[in-house]
K.L.:
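Have a look at this one.
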There are 2 protein chains.
Amino acid sequence: MADQGHSWQSIHDIVRQRIQDRYWKPGELIPGEADLAEEFGCARATVNRALRQLAESGLLDRKRKAGTRVALHPVRKAILHIPIVRKEIEERNQVYGYALLNRKKMSPPDHVRARMQIASDTKLLKIEALHLADGKPFLLEDRWVNFHALPDILKADLSVTSANEWLVMNAPFTGGNIAFSALSATKRVAELMGTQPGAALFAIERSTWEGETALTEALMVYGEGYRMYTAI
Amino acid sequence: MADQGHSWQSIHDIVRQRIQDRYWKPGELIPGEADLAEEFGCARATVNRALRQLAESGLLDRKRKAGTRVALHPVRKAILHIPIVRKEIEERNQVYGYALLNRKKMSPPDHVRARMQIASDTKLLKIEALHLADGKPFLLEDRWVNFHALPDILKADLSVTSANEWLVMNAPFTGGNIAFSALSATKRVAELMGTQPGAALFAIERSTWEGETALTEALMVYGEGYRMYTAI
DNA sequence: CAGTGGTCTAGACCACCAG
DNA sequence: TGGTGGTCTAGACCACTGC
């Protein structure tokens, strides 16, 4: 017979409760897996699963030999789900619209070239597009694409499918980074986004790489009042 | 002997590579755990561990009976680590400073009362504080604390330890949410933060709950030019 | 060196749900 | 209702690291 004792979920919950109740205090060493397995009447692997989950959540610190301790400074992790823009708008039950403003091969400015580690005589594909929700400006996409690494994008009809969406579907990447910031609307951005110059806008900069090769770098400027939510 | 075949990590990497190489295409059904276990010469549990990890990363969709498919729209998740402000500044090798601007019990405005689901005659502890990096304004903390649920905070010396830090160390919570946004500096905020009125500032609003009880709600306004980074 | 977590195995039962 | 993933077990070896 299997499954006589606790499930790893129930052990997870019990341990979390003990941490919350300060039965085990921050920094304190909790019993080893073998001891807990005996207490809960289950296999050590089951305890391991529960404690591993709690460690991933940042509630426990685990080290071989040293044992398992309640995290002193529980790292608060917020997991942001970054959807395709179209889906984000459709999930709000709004009608998605899209307008390609600009698309041409050109030499990127120095700061872009430096970040993407592109040779000085190399051109990139510059794309500007506006994403609309219910006909109103929602997001301004300003992007540089390394088409030498992604030649297929030159064949894509970017007036129908956004570069954002094309890349998600067609450009596997191995890594990258994201930066969130606030920026002040320039006159041009304000006109495009239908706000006043100087308005505070939420922006995301994203760069993605495949190995050592930069694929794309994008600045996504959201409309005024946009908020990005997540649960913790 | 154990550990003769592949490790779950190596299987994880192989499968990820196959997805990236389009050996298994988006939406496609991949072989079952038993088949893969045979192919890799390991136990099914090992394959399970690898595939579970990939599903958590959003690369696979798994369903009982239906099998495992390559995710059609790989959800891009960004994990934000939200540190204690002091640690964030110290990790930049800057000197942390802190100034308590305001601390008193008072009735919260309606929108705060509504969000926190506080009875209309209930007072909360209102705290304003400025966090400094190398003596310059870094973050403005504007917070409401439900001291009825956290009576100990009334005994804390918030002119030494920030409410932010006190709460992290002393207030276990079961849930909450975070919103990121951009806002325009009011005259008062601009004076405190040393910027011009109207400057675009990055802001985080956080609320935390223990069960059904709201513990605290905070608006954290960062200095001009602040960027929040994370890898993907 | 010895104790702890990390992992793997072979086998088993079960929950779910598409067909 | 049968196939698939989800989980549990008892036992084992290993890797890391504090003492």
Side-chain angles (χ1 to χ4, degrees), chain A residues 1-16 18-19 23-75, chain B residues 1-16 18-19 24-72 74-75:
Chain A
M1 287 286 276
D3 221 338
Q4 286 277 351
H6 285 81
S7 69
W8 74 264
Q9 279 283 6
S10 72
I11 294 176
H12 173 280
D13 292 346
I14 292 170
V15 172
R16 187 162 51 79
R18 289 190 183 175
I19 294 171
Y23 175 76
W24 290 322
K25 298 179 185 60
E28 186 177 335
L29 199 63
I30 77 172
E33 294 186 349
D35 295 334
L36 290 175
E38 192 178 1
E39 173 186 346
F40 295 125
C42 65
R44 184 167 77 90
T46 307
V47 174
N48 180 283
R49 178 86 156 85
L51 297 189
R52 175 160 32 93
Q53 193 79 20
L54 286 163
E56 278 173 16
S57 320
L59 277 174
L60 292 177
D61 285 332
R62 317 195 73 197
K63 255 187 292 190
R64 285 169 152 116
K65 167 69 180 181
T68 300
R69 290 177 182 281
V70 179
L72 264 177
H73 303 291
V75 180
Chain B
M1 287 283 278
D3 220 341
Q4 286 276 350
H6 285 82
S7 68
W8 73 265
Q9 276 284 4
S10 69
I11 294 176
H12 174 279
D13 291 346
I14 291 170
V15 173
R16 186 162 52 79
R18 288 188 184 175
I19 294 171
W24 290 321
K25 300 180 183 60
E28 187 177 333
L29 199 64
I30 77 172
E33 294 186 348
D35 295 334
L36 290 175
E38 191 179 0
E39 173 187 344
F40 295 126
C42 65
R44 185 167 78 92
T46 307
V47 174
N48 181 283
R49 179 85 156 85
L51 297 190
R52 176 161 30 95
Q53 193 78 23
L54 286 163
E56 278 172 17
S57 320
L59 277 173
L60 292 178
D61 285 332
R62 318 195 72 198
K63 257 187 291 191
R64 285 170 152 116
K65 166 71 179 180
T68 299
R69 292 178 181 278
V70 179
L72 264 179
V75 179

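Remember, it's a predicted structure, so these values are computed and weren't measured experimentally. So that the names make sense, note that chain A is the first sequence line, chain B the second, and so on, each numbered from 1.
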K.L.:
Pick the closest DNA chain D nucleotide for A:Lys63 and for B:Ala45 by heavy atoms, then say which residue is nearer the 5' end.
P.N.:
B:Ala45
K.L.:
Output the rounded distance in Å from NZ (B:Lys65) to C1' (C:dA18).
P.N.:
6 Å
K.L.:
How many whole angstroms separate atom NE2 of B:His12 from atom C1' of C:dC8?
P.N.:
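My rounded result for the distance is 18 Å.
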K.L.:
In residues 49-62 of chain A, which ones come under 4.0 Å of DNA chain C, going by heavy atoms?
P.N.:
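Only A:Arg62 qualify.
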K.L.:
How close or far is atom P of C:dT4 from atom CD of A:Glu38, stated in whole angstroms?
P.N.:
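After rounding, the reported distance stands at 13 Å.
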K.L.:
A:Asn48 has a side chain; which of C:dA10, C:dT7, D:dA10 sits nearest to it?
P.N.:
C:dT7
K.L.:
Confirm from the modelled atom types if B:Arg44 and D:dT7 form a donor-acceptor pair under 3.5 Å, side chain to base only.
P.N.:
yes
K.L.:
Out of D:dT17, C:dA10, D:dC8, which has the shortest distance to the side chain of B:Ala43?
P.N.:
C:dA10
K.L.:
Any non-hydrogen side-chain atom of A:Ile14 less than 4.5 Å from a side-chain atom of A:Phe40?
P.N.:
yes
K.L.:
Nearest whole Å is fine: how far is C:dA15 C1' from A:Gln9 CD?
P.N.:
14 Å
K.L.:
Measure from the side chain of A:Thr46, starting at C-beta and using heavy atoms only, and say which of C:dT9, D:dG3, D:dC8 lies closest.
P.N.:
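When the side chain of A:Thr46 is considered, D:dC8 is the closest of C:dT9, D:dG3, D:dC8.
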K.L.:
Going by heavy atoms in the side chains, are A:Ile30 and A:Arg18 under 4.5 Å from each other?
P.N.:
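No - every pair of side-chain heavy atoms lies 4.5 Å or more apart.
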K.L.:
Please pick, from C:dG5, C:dC16, D:dA10, the nucleotide with the shortest atom-to-atom distance to any side-chain atom of B:Arg64.
P.N.:
C:dC16
K.L.:
Look at the side-chain N and O atoms of A:Thr68 and state whether any lies under 4.0 Å from the OP1 or OP2 oxygen of C:dT4.
P.N.:
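Answer no for this pair, as no side-chain N or O of A:Thr68 is under 4.0 Å from OP1 or OP2.
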K.L.:
Rounded to the nearest 0.5 Å, how far apart are OG1 of A:Thr68 and CG of A:Leu60?
P.N.:
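So the gap between those two atoms works out to 6.5 Å.
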K.L.:
Between atom CG in A:Asp35 and atom C1' in C:dG3, what is the gap in whole Å?
P.N.:
11 Å
K.L.:
Round to the nearest Å and state the distance from B:Trp8 atom CH2 to C:dC8 atom P.
P.N.:
8 Å
K.L.:
Just verifying a value: how many Å separate A:Leu54 CG and A:Asp13 CG, rounded to the nearest 0.5 Å?
P.N.:
8.5 Å
K.L.:
Please report the interatomic distance CG(A:Leu59) to NE2(A:His12), rounded to the nearest 0.5 Å.
P.N.:
7.5 Å
K.L.:
What does A:Ala34 touch in the nucleic acid at a heavy-atom separation under 4.0 angstrom: a base, only the sugar-phosphate, or nothing?
P.N.:
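If one applies the 4.0 Å heavy-atom cut-off, A:Ala34 turns out to touch nothing in the nucleic acid.
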K.L.:
Taking the side chain as every heavy atom from C-beta outward, state whether B:Asn48 and B:Arg62 have any pair of such atoms under 4.5 Å apart.
P.N.:
yes
K.L.:
May I have the step-by-step check of salt bridge (Lys or Arg N to Asp or Glu O under 4.0 Å) for A:Glu33 and A:Arg52, ending in yes or no?
P.N.:
CA-CA 11 Å; A:Glu33 294 186 349; A:Arg52 175 160 32 93; over 6 Å; no
K.L.:
Can you tell me how far C1' of D:dG5 sits from CG of B:Leu36, to the nearest Å?
P.N.:
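Distance check: B:Leu36 CG to D:dG5 C1' gives 12 Å.
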K.L.:
Starting at CD1 of A:Ile11 and ending at P of C:dG5, how long is that distance when rounded to a whole Å?
P.N.:
14 Å
